[in-house]
Amino acid sequence: MASSVTRESVLRRLGVPRLVNASGIYTDLGGACLSPAIWESIGEVNASFSSLPDLLDRSGEQIAALVGAEAARVVPGASAGIALMVAACIARGDGTVSEQLPGASGCAGQVLLQRGHRYNYARCVALGGGTVVEVGTESGTSADELNRAIGPDTCAILFPAHLGGKVSTLPLQEVVALAEPHRLPVLVDAAYMSYPLELISSYTDQGADLACFSAKYFYGPNSGGFILGTSPAIADVRAVDFTEYESGPFRNFGRALKMDRTTVVATWLALEAWLAMDHETRWAEYAVRVERIDRALADLPSVTSAPCCYTLDDRIAERAPVNALALRASGAGPAVDTVVQALAAGDPWVRCSQYDGALVVCVETVAPEDEEYLIERLRAAWSG
Ligand SMILES: *Cc1c(COP(=O)(O)O)cnc(C)c1O
């Protein structure tokens with residue numbers, strides 16, 4: 001691994017200061033950090049050439065075996081995964097259709113989405129050549145409404161897993177049961193459903209044809225992810241992805257969604273490590289680190305603090321593990337906005353989240369060697 005001196009100097013040459021990320025896993029902040037072991041392994045991959053079609057096929061087999069799914073395919077992230085799943089459902093293995101996507105005419109391209117499931121990444125459907133058709137109202141969608149929306153132009157139903165528990169929306173199992181007589185594929189965006197581990201295979205186990213995941217959430221590359229699915233559905237994804245564009249018969253849809261061989265291998269290795277990781281220990285370590293930071297700030301008069309769980313995932317928050325410290329201004333101390341600005345001004349700069357009027361210091365993405373610096377900066381910022 002590069003020493004921090006080298007790392008800093010290359011960023012300095014670019015004029016981009018190093019960031020101590022106490023905010024969490026976000027694409028704009030670089031996703032996650034690859035482990036030293038994975039970094040070393042992909043160094044080996046980088047040092048020689050290999051066939052990308054072979055890497056994709058073999059890594060897909062490995063991932064499917066790891067999670068107990070029928071088939072899998074590495075893709076460049078979950079957003080690309082949505083586009084590729086949709087393109088696969090439109091082309092269904094037909095290379096002449098793949099060549100026309102996302103503008104194929106005369107093909108069924110409507111993707112149904114429960115109105116209550118409207119979310120940021122639904123626009124990736126259009127990237128794959130589909131059109132989102134919302135069904136029902138904000139207050140709910142009935143089985144009858146969804147059934148009546150299915151027609152000759154429908155190619156799939158999209159189900160964002162993180163919105164699965166929303167009141168008055170139909171749960172995945174009901175959507176799958178409803179789609180089955182129409183032989184309509186159900187696509188799941190399970191981008192951050194990689195913890196608890198048993199979630200990973202749960203969507204395809206419930207009958208979804210394809211489910212996509214983002215590698216950023218299991219300490220993989222920011223530009224990685226994978227799709228799980230049935231063998232025929234994954235074969236359809238394979239037929240539209242970036243491989244064999246030059247060597248095969250079709251100028252396939254997915255050519256612009258390509259990956260480095262290091263990304264493909266790192267995605268597989270990161271998933272393997274994630275599945276083998278002791279997650280109870282991971283959470284216990286967060287709690288210890290949060291407590292250490294809390295103690296180091298205890299004498300500041302202008303702050304009140306409370307350990308908390310900062311996550312996208314309400315189900316994890318319910319189990320109440322701790323990975324963050326919520327800091328609130330009290331007395332005559334600086335306001336949270338002022339503190340955020342002070343933290344952003346340093347080099348390295350520090351980024352925390354703001355939530356519900358508090359400054360949230362999430363330790364999950366803070367390198368242990370940066371913890372002292374983080375404390376120093378927090379103390380300086382709260383001292384005004
Ligand atoms: C991050 C995220 C995505 C996009 O994943 P990428 O791998 O960054 O493309 C899609 N859906 C949800 C719910 C996400 O949180």
Side-chain angles (χ1 to χ4, degrees), residues 1-3 6-7 10-11 13-14 16 18-19 21 25-67 71-85 87-88 98 101 121 124 127-128 191-192 194 212-229 234 237-248 250-275 365:
M1 213 165 74
S3 75
T6 314
R7 177 177 59 180
V10 85
L11 288 177
R13 277 179 59 205
L14 265 179
V16 177
R18 197 162 81 80
L19 163 65
N21 176 11
I25 293 171
Y26 293 100
T27 290
D28 271 358
L29 305 181
C33 285
L34 297 177
S35 73
I38 292 175
W39 194 252
E40 194 182 318
S41 298
I42 62 173
E44 174 197 325
V45 174
N46 178 59
S48 64
F49 293 91
S50 39
S51 149
L52 261 295
D54 284 350
L55 275 184
L56 266 292
D57 287 347
R58 297 294 90 75
S59 58
E61 290 163 11
Q62 291 288 335
I63 287 172
L66 276 172
V67 303
R73 191 95 176 150
V74 177
V75 294
S79 313
I82 295 167
L84 286 161
M85 293 193 299
S98 174
L101 286 171
Y121 291 91
C124 299
L127 184 62
Y192 58 79
S194 40
C212 67
F213 298 82
S214 177
K216 66 181 188 258
Y217 295 125
F218 53 85
Y219 300 172
N222 202 21
S223 56
F226 64 87
I227 301 175
L228 297 181
I234 291 292
V237 172
R238 185 188 194 281
V240 296
D241 82 5
F242 75 94
T243 54
E244 296 173 350
Y245 186 88
E246 296 288 349
S247 61
F250 301 108
R251 305 308 139 239
N252 282 315
F253 156 76
R255 178 60 182 80
L257 303 174
K258 78 170 182 178
M259 285 174 287
D260 289 321
R261 56 196 185 283
T262 49
T263 303
V264 177
V265 173
T267 298
W268 160 56
L269 289 175
L271 180 68
E272 185 182 55
W274 182 253
L275 296 174
T365 42

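To the nearest 0.5 Å, atoms CH2 (W39) and OG1 (T262) are separated by 8.0 Å. Between atom CZ of residue R251 and atom OH of residue Y245 there is a gap of 6.5 Å, rounded to the nearest 0.5 Å. Here Y219 contributes atom OH and L271 contributes atom CG; the two are 14.0 Å apart, rounded to the nearest 0.5 Å. With values rounded to the nearest 0.5 angstrom, N46 atom CG is found 12.5 Å from S41 atom OG. Here the straight-line distance linking atom CG of D241 with atom CG of L52 works out to 9.5 Å at 0.5 Å rounding. The structure places CD1 of I63 at 13.0 Å from CZ of R58, a figure rounded to the nearest 0.5 Å.
Side-chain contact check for L56 versus R238: every heavy-atom pair is 4.5 Å or farther apart.
For the residue pair T267 and G225, the shortest heavy atom distance occurs at CG2-O, 3.6 Å. For A266 against I38, the heavy-atom pair with the smallest separation is CB-CG2, 4.0 Å. The minimum heavy-atom distance linking G81 with V75 is given by the pair CA-CG2, 4.0 Å. Smallest separation of non-hydrogen atoms from C212 and I227: CB-CG1, 4.0 Å. Here the closest non-hydrogen pair linking P221 and L34 is N-CD2, 3.6 Å. The two residues V264 and L55 come nearest to each other via the heavy atoms CG1-O, 4.0 Å.
Between the side chain of N252 and the backbone N or O of G254, no donor-acceptor pair lies under 3.5 Å. Distance alone, capped at 3.5 Å, is enough to place a donor-acceptor pair between the S98 side chain and the F253 backbone. Using modelled atom types, no side-chain atom of S214 and backbone atom of Y217 make a donor-acceptor pair closer than 3.5 Å.
For residues 41-51, no residue pair satisfies the salt bridge (charged side-chain N to carboxylate O under 4.0 Å, His left out) rule, not counting sequence neighbours. Sequence neighbours left out, not one pair with a member in residues 254-274 passes salt bridge (charged side-chain N to carboxylate O under 4.0 Å, His left out).
Using cut-offs of 30° and 60° for the angle between ring planes, the F218 and W274 rings count as tilted.
Around CD of E61, the count of heavy atoms belonging to other residues, nucleotides or ligands within 6.0 Å exceeds 12.
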